[in-house]
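Written below as structure tokens is the structure these notes are about.
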Number of protein chains: 2
Amino acid sequence: MTTWLRLTMVPGIGPRILADLLDCFDTPEAVLAADSRQLMGVPGVGTTLAHRIRHAADHVDTEGIQAWCEQTGTTILLRCAPEYPRALTELRDAPPVLFCGGHLQAQDALAVSIVGTRHATIYGRRQAERLAYGLARAGVTIVSGLARGIDTAAHRGALDAGGRTIAVLGGGLGKIYPPENAELAETIRGHGALLSEYRPDAAPRGGMFPQRNRLISGLAMAVIVVEAPDRSGALITARLAAEQGRDVFVVPGGVDSRASRGCLQLIRDGATMVRGPEDVLEDLGPAVDSIETDSGHTLRNGSELLLNDQERAVLQAIEPQATAIDAVVARSTLPVHRVLATITVLESRKLVRRLSGQYVARV
Amino acid sequence: MTTWLRLTMVPGIGPRILADLLDCFDTPEAVLAADSRQLMGVPGVGTTLAHRIRHAADHVDTEGIQAWCEQTGTTILLRCAPEYPRALTELRDAPPVLFCGGHLQAQDALAVSIVGTRHATIYGRRQAERLAYGLARAGVTIVSGLARGIDTAAHRGALDAGGRTIAVLGGGLGKIYPPENAELAETIRGHGALLSEYRPDAAPRGGMFPQRNRLISGLAMAVIVVEAPDRSGALITARLAAEQGRDVFVVPGGVDSRASRGCLQLIRDGATMVRGPEDVLEDLGPAVDSIETDSGHTLRNGSELLLNDQERAVLQAIEPQATAIDAVVARSTLPVHRVLATITVLESRKLVRRLSGQYVARV
């Protein structure tokens with residue numbers, strides 16, 4: 001752990017250079033033990049970085065970091081740790097280390113990000129809050145960036161609903177920004193997590209935000225852009241989300257609202273328009289993995305959150321493999337005609353498919 | 001003319017029954033001369049209608065209608081007349097007779113309809129006016145229904161721009177509704193036309209509006225829905241427009257605006273969102289026929305209105321058949337390198353296509 005931390009916290013080592021270093025030297029210990037000439041054989045490593053790596057112990061106060069983490073209840077998640085978010089491991093540039101204040105849970109795999117401008121209108125803040133509230137009530141974890149405006153409204157909406165929320169910071173966990181959100185950050189620790197790929201004492205800098213944004217989109221099944229003027233950072237997040245294969249949902253606004261211009265452009269470019277939590281749930285694609293929810297169900301698709309108890313019971317009785325309808329009746333303990341009617345509903349929601357008159361399978 | 005007028009103005013004869021009657025009897029004279037038994041052999045003709053047709057002279061005061069039209073400068077357009085709008089002749093249920101106050105012109109083939117709720121917000125009225133103004137300035141004729149709210153704003157926007165506008169009425173030309181739009185109607189007569197398929201003294205009735213709407217959409221290349229709550233008549237027009245093969249464009253609004261609910265549903269259902277006149281012009285599909293514009297150009301595609309003078313000159317020099325680039329250079333009297341650069345622009349706007357290095361054709 002200490003070696004990993006020492007190597008990854010060297011200033012100038014990003015996910016790509018790290019990957020190249022490990023490709024070359026195999027272990028972090030070997031990287032730290034290499035000489036300058038060997039290090040500079042790796043693309044992107046120049047004199048300065050090679051020097052920093054060789055003197056990593058001087059540059060990185062791993063003990064200080066670890067002490068701070070222990071003191072504040074912060075977990076250090078290596079990329080190979082089982083608690084490391086599964087959705088991020090897919091990413092080519094997943095951070096090798098994540099600092100986590102609070103706790104990630106299995107159900108956080110069912111996450112939706114809400115992003116938008118810091119200069120939000122009342123309309124935008126209200127929509128962010130309403131979406132976060134509705135989605136969190138349905139069991140979705142809300143991811144955002146703790147910034148002023150839309151981000152703050154999104155975190156608050158999720159917390160008001162008694163739900164979970166994750167804030168991905170553009171600086172270290174010890175440098176909460178903006179300062180007025182310190183209390184909100186504390187609340188999030190107790191109902192989700194604060195995440196950062198930077199050492200705890202790293203001050204947030206402009207350049208870190210676009211990089212941070214890839215985690216906001218990467219952690220979620222979908223990104224909702226609530227209000228974004230032209231050239232807003234939220235549009236970068238939307239582009240990253242699309243590149244990462246995440247759904248991009250957009251809240252519309254009036255054509256005379258400067259704060260909605262980027263949103264309307266995204267809709268013109270083909271992004272899905274959403275009016276509220278129901279639209280989002282309806283359009284949520286399949287999850288990367290099946291997700292264990294809070295209530296002990298297994299979920300494969302965001303739209304399953306729209307189901308009523310009977311529909312959920314029938315769905316849970318159907319396997320991804322061909323399942324005999326008799327078996328579904330037996331497992332769900334519902335009358336045959338109800339099971340058949342419910343299968344029709346599930347079919348129309350594209351959650352199951354009929355294989356023949358007698359067999360169905362979960363999609 | 002008198003016979004046509006007498007037959008088509010019989011209460012209860014719509015475009016479909018008329019078509020069936022003419023299929024059966026060939027001429028309007030023969031229909032009016034038929035006996036009850038023969039008439040009732042046509043589907044949809046019962047005792048009452050047969051009686052009315054046989055006594056059409058008692059039911060329809062053709063002389064009175066003709067006198068009224070002469071007095072008010074109203075033209076009676078039979079479906080076969082050359083001035084009858086070409087776009088309507090395509091429709092299965094085109095009205096056999098149109099009363100026209102004012103004048104239709106060849107350039108009115110380049111028309112866009114703007115529809116929306118009578119209970120418009122300030123936002124909606126402003127957008128309708130802005131769209132109508134911008135499109136009318138570009139040379140597009142604005143079609144609407146003279147109703148309160150969005151319709152009124154659309155007509156006014158076109159007139160403010162010094163452009164042309166057509167109002168399709170849900171009653172007779174002698175019964176302008178709503179009464180406060182009498183002056184607007186008079187202005188439209190001088191800068192476009194008032195159209196009605198009903199006898200001039202027909203009072204507007206609720207049932208006539210959906211039928212009227214098919215003409216509002218039918219007259220135009222595209223229909224723009226500006227503000228429409230759930231179950232708005234504008235949504236009927238949008239549906240008719242889609243069935244008639246017309247583009248449906250929709251202005252978005254806030255998700256908290258009741259007046260925009262129908263619009264947002266249309267966008268969710270796949271209609272094209274537009275933010276202003278440029279979006280509309282960019283997306284306007286090809287015209288039914290090439291259109292002779294006011295300025296003497298021939299137009300095949302609404303998006304040609306976005307071109308600058310040089311682009312227009314090059315486009316006009318290209319035929320629908322393979323045209324040698326040398327010929328384009330000669331006709332346009334522009335330097336070769338400008339012609340080549342302009343062809344690239346026209347190609348990106350999908351107005352021309354390159355057939356080879358030496359030949360281009362208009363799309």
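Below, read A as the first sequence line, B as the second, and so on, with proteins coming before strands; counting in each chain starts at 1. Atom set for the values below is all heavy atoms of this structure, side chains included, hydrogens, waters and symmetry mates excluded.
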Practice item. In plain terms, say whether Asp283(B) and Arg268(A) are close enough for a salt bridge, that is, a side-chain N and a carboxylate O under 4.0 Å apart. Key: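 Yes.
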Check your understanding: Would you say Asp256(B) and Arg130(A) make side-chain contact, with heavy atoms under 4.5 Å?
Key ->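 SC-SC contact between Asp256(B) and Arg130(A) ruled out.
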Review point. Got Gln265(A) and Arg275(B) here, is their nearest side-chain heavy-atom distance under 4.5 Å?
Key: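 Contact flag for Gln265(A)/Arg275(B) side chains = yes.
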Check your understanding: About how many Å separate CG of Asp279(B) and CG of Leu264(A), when rounded to the nearest 0.5 Å?
Key ->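 The CG atom of Leu264(A) sits 9.5 Å away from the CG atom of Asp279(B).
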Exercise for review: Please check if the side chain of Tyr123(A) supplies one atom and the backbone of Val255(B) the other of a donor-acceptor pair under 3.5 Å.
Suggested key: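 Looks like yes, one N/O pair under 3.5 Å.
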So with a 6.0 Å cut-off around [atom1] of [X], is the heavy-atom count from everything else above 12?
{"X": "Glu180(B)", "atom1": "CD", "value": "yes"}
{"X": "Asn308(B)", "atom1": "CG", "value": "yes"}
{"X": "Arg258(A)", "atom1": "CZ", "value": "no"}
{"X": "Asp230(A)", "atom1": "CG", "value": "yes"}

Review point. Tell me, side chain or backbone of Glu227(A) under 4.5 Å from chain B's heavy atoms, or both, or neither?
Key: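 Nothing of Glu227(A), per the 4.5 Å heavy-atom cut-off to chain B.
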**Study point:** Contacting region of Ser257(A) [heavy-atom separation from chain B under 4.5 Å]
**Key:**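 For Ser257(A), neither part sits under 4.5 Å from chain B.
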Check your understanding: Counting heavy-atom pairs under 4.5 Å to chain A, which of Arg261(B), Arg126(B), Gln127(B) comes out on top?
Key ->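 Option with the greatest count: Gln127(B).
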